[in-house]
Amino acid sequence: MHNIISVQPYYKVERIVTPLKQETVIHRRVLHLYTTKIISAYREFTLKEVYDTSFKSIGKDYGVLYLHTKQGVFPYNVESDPKDFMIEFKKIVEK
């Protein structure tokens, strides 16, 4: 396996509604950046398929990291600034 270049924690919010209650479950996950791909909990993108990354802030450090890919745009909710992840991505694709 290739070495991990960078990691970016993200989370997914799931709302579970039953006749008796409503519950919110937060799933904590991690994006892994390798020299040839990005892997999330349920998807894998080769870097040839990823055109760009962007970040929309929603308060201090909170926001959405977007992966712009051949298959469309994939949003990842983050609680920490993904700047380092994005810089490392750009270093790899600009080689």
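What you see below is based on every heavy atom in this structure, not just the backbone, and it leaves out hydrogens, waters and symmetry mates. Counting begins at 1 with the first residue of the sequence.
V7 places none of its side-chain heavy atoms less than 4.5 Å from the side chain of L31. Looking only at side-chain heavy atoms (C-beta outward), V64 and I58 come within less than 4.5 Å of each other.
Sorted by first and then second residue, the pairs that involve residues 67-85 and meet salt bridge (Lys or Arg N to Asp or Glu O under 4.0 Å), not counting sequence neighbours, are R28-E79. Judged as a ring pair (Phe, Tyr, Trp, His ring centres under 6.0 Å), the pairs with a partner in residues 3-31 (not counting sequence neighbours) are, in order, Y10-Y76. Pairs engaging residues 9-21 under the salt bridge (Lys or Arg N to Asp or Glu O under 4.0 Å) rule: K21-E23 [sequence neighbours left out]. Residue pairs that meet the ring pair (Phe, Tyr, Trp, His ring centres under 6.0 Å) test with at least one member in residues 38-68, sequence neighbours left out, are F45-F74. Applying the salt bridge (Lys or Arg N to Asp or Glu O under 4.0 Å) test to pairs two or more places apart or on separate chains, those with a residue in residues 47-59 are D52-K90.
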Exercise for the section: Take L67 and V73 through the test side chain to side chain contact (heavy atoms under 4.5 Å, CB included) and record every step on the way to the result. Expected result: CA-CA 6 Å; L67 295 184; V73 179; over 6 Å; no
Problem - Worked verdict on V93 versus V50 for side chain to side chain contact (heavy atoms under 4.5 Å, CB included) - result: CA-CA 9 Å; V93 298; V50 181; over 6 Å; no
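Both M86 and V78 are assigned to one and the same hydrophobic cluster, defined by single-linkage of ILVMFWY side chains at heavy-atom distances under 4.5 Å. In this structure, L65 is not a member of the same hydrophobic cluster as I26, with clusters built from ILVMFWY side-chain heavy atoms closer than 4.5 Å. Note on Y34 and V30: same hydrophobic cluster, where clusters join Ile, Leu, Val, Met, Phe, Trp and Tyr whose side-chain heavy atoms are under 4.5 Å apart, directly or indirectly.
Other residues sharing a hydrophobic cluster with I16 under the 4.5 Å side-chain heavy-atom criterion for ILVMFWY residues are V25.
In terms of the ring pair (Phe, Tyr, Trp, His ring centres under 6.0 Å) criterion, F85 has no residue partners (sequence neighbours excluded). Looking at residues two or more places apart in sequence or on another chain, you find a side-chain hydrogen bond (donor to acceptor under 3.5 Å, both in side chains) between T69 and Q71. Listed by chain and residue number, I5, S6, L33, K91 satisfy the side-chain contact (heavy atoms from CB on, under 4.5 Å) test with E88 (two or more places apart in sequence, or in another chain).
Here the shortest heavy-atom pairing between Q8 and P82 reads OE1-CA, 3.2 Å. The two residues T35 and I92 make their nearest non-hydrogen contact at O-CG2, 3.5 Å.
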